[in-house]
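For reference, the structure is listed below as structure tokens.
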Amino acid sequence: MNSANSVVVLDFETTGLSPTQGDRAIEIGAVKLQQGVIVDHFQQLINPGFRITHFIEQYTGITNAMLNEAPSSHIVMHDFADFMGDANLVAHNASFDQRFLDAELARIHRHYSGRFACSMLVARRIYPDASNHQLSTLVAHNRIEQQGDFHRALADAEMTALLWQHILDTLCQRWQCQAPSFAMMAALQKQPKANLERFFAKYADNQSS
DNA sequence: TGCCAGGCCCTCTTTAGGGCCTT
């Protein structure tokens, strides 16, 4: 099975919220899903080249001392680009991780061909009754076993992957059908909520025909 | 000391404003 049949679920820890304001990645974690099973993982701290704030140290548990020993983004992102291959990508609030992925890859002139899907946008449509749609809340809401500590990249990527698979299982049960395609999920995340029932009905018709 | 981004989505909307979500 080549990587085009895989989904890579990724998560960045960063120095802040915006790469356009000088923020950099300090850790990347990712898992590779094939047919609902985690078959590989990637985790690496990244030295951003400057000291991170006390807030980020407290938020992530990643310290300046840890980052002083970490390799540069140049080395890590080449490895991660090889890990991704041409797989499709999933992240929680994907627009955030996509901005940092694009910025860090641009620095080393690497590119990716996979498409992004967002577990948060899909979860807002599938679990409208959740109290909120933070990753930790959705993990608890769906009684998913917590993996490691929130706000570390690999643990968040693993929990996002388990949430993503739980969403696929929820949709399979709703339609009594096979696993939805990545393209279907990418379309679902853009559907207006008022159009969801029509969207689901159309998808079910296409599967049965 | 306080603030800094950007996309989505809802509503008391669309010539706008503000909350959510990510670090």
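So you know, we letter chains A, B, ... as the sequences are listed, proteins then strands, and number each from 1.
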Fill in: Nearest-0.5 Å distance, CD1 of residue A/Ile26 to CD1 of residue A/Ile62
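Here the rounded value is 4.0 Å.
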Worksheet entry | Atom pair CG (A/Asp79) and NE2 (A/His74), whose distance is rounded to the nearest 0.5 Å | 10.0 Å
With a non-hydrogen cut-off below 4.0 angstrom, is [X] in contact with a base, only sugar-phosphate, or nothing?
X        : answer
A/Arg125 : sugar-phosphate
A/Phe55  : base
A/Asp97  : nothing
A/Leu135 : sugar-phosphate
A/Thr60  : sugar-phosphate
A/Asp23  : nothing

Item to complete: Using heavy atoms to find the nearest nucleotide of DNA chain B for A/Lys193 and A/Gly16 separately, return the residue whose nucleotide is more 5′.
Response: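 With A/Lys193 and A/Gly16 compared, the 5'-side residue is A/Lys193.
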Fill in: Closest-nucleotide ordering on DNA chain B, the 5'-leading residue of A/Ser136 and A/Gln189
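Nearest nucleotide further toward 5': that of A/Gln189.
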Sticking with atom [atom1], work out how far [N] lies from [M], rounded to a whole angstrom.
N      : M      : atom1 : value
B/dC4  : B/dT22 : C1'   : 15 Å
B/dT23 : B/dG6  : C1'   : 13 Å
B/dC21 : B/dG2  : C1'   : 22 Å
B/dT13 : B/dG18 : C1'   : 12 Å
B/dT1  : B/dG7  : C1'   : 29 Å
B/dG19 : B/dC3  : P     : 14 Å

Practice prompt. Would you please classify the geometry between the A/Phe96 ring and the A/Phe100 ring as parallel, tilted or perpendicular, with 30° and 60° separating the classes?
Written response: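 Correct class here is tilted.
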Does the side chain of [Y] come within less than 4.5 Å of [X]'s, by heavy atoms?
X        : Y        : value
A/Asp11  : A/Thr160 : no
A/Met159 : A/Ile144 : no
A/Met185 : A/Val90  : no

Interatomic distance where [atom1] belongs to [X] and [atom2] belongs to [N] [whole Å]:
X        : N      : atom1 : atom2 : value
A/Leu101 : B/dT23 : CG    : C1'   : 16 Å
A/Gln21  : B/dA5  : CD    : P     : 5 Å
A/Gln98  : B/dG7  : CD    : P     : 10 Å
A/Asn93  : B/dC9  : CG    : P     : 11 Å
A/His141 : B/dC21 : NE2   : P     : 13 Å
A/Asp102 : B/dG7  : CG    : P     : 12 Å
A/His92  : B/dT22 : NE2   : P     : 5 Å
A/Ile52  : B/dT23 : CD1   : C1'   : 11 Å

Discussion item. Applying side-chain contact (heavy atoms from CB on, under 4.5 Å) to A/Val8 and A/Phe42, what does each step give before you reach the verdict?
Written reply: CA-CA 10 Å; A/Val8 168; A/Phe42 184 100; over 6 Å; no
Please pick, from [options], the nucleotide with the shortest atom-to-atom distance to any side-chain atom of [X].
X        : options               : value
A/Ile56  : B/dA5, B/dC9, B/dT23  : B/dT23
A/Arg99  : B/dC8, B/dT22, B/dT23 : B/dT22
A/Asp156 : B/dC8, B/dT22, B/dT23 : B/dT23
A/Ser18  : B/dC21, B/dT23, B/dA5 : B/dA5

Look at [X] and [N] and indicate whether a side-chain polar atom (N or O) is within less than 4.0 Å of OP1 or OP2.
X        : N      : answer
A/Lys190 : B/dC8  : no
A/His133 : B/dC21 : yes
A/Thr20  : B/dG6  : yes

Discussion item. Looking only at side-chain N and O atoms, does A/Asn132 offer a donor or acceptor that is under 3.5 Å from a partner on A/Thr137?
Written reply: yes
Discussion item. Please check if the number of heavy atoms outside A/Arg110 that lie under 6.0 Å from its CZ is greater than 12.
Written reply: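 Yes, the 6.0 Å shell around CZ holds more than 12 heavy atoms from other groups.
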Practice prompt. Output the residues of residues 159-167 of chain A in contact with DNA chain B, where contact means a heavy atom of the residue under 4.0 Å from an atom of the strand; sort by number or write none.
Written response: none
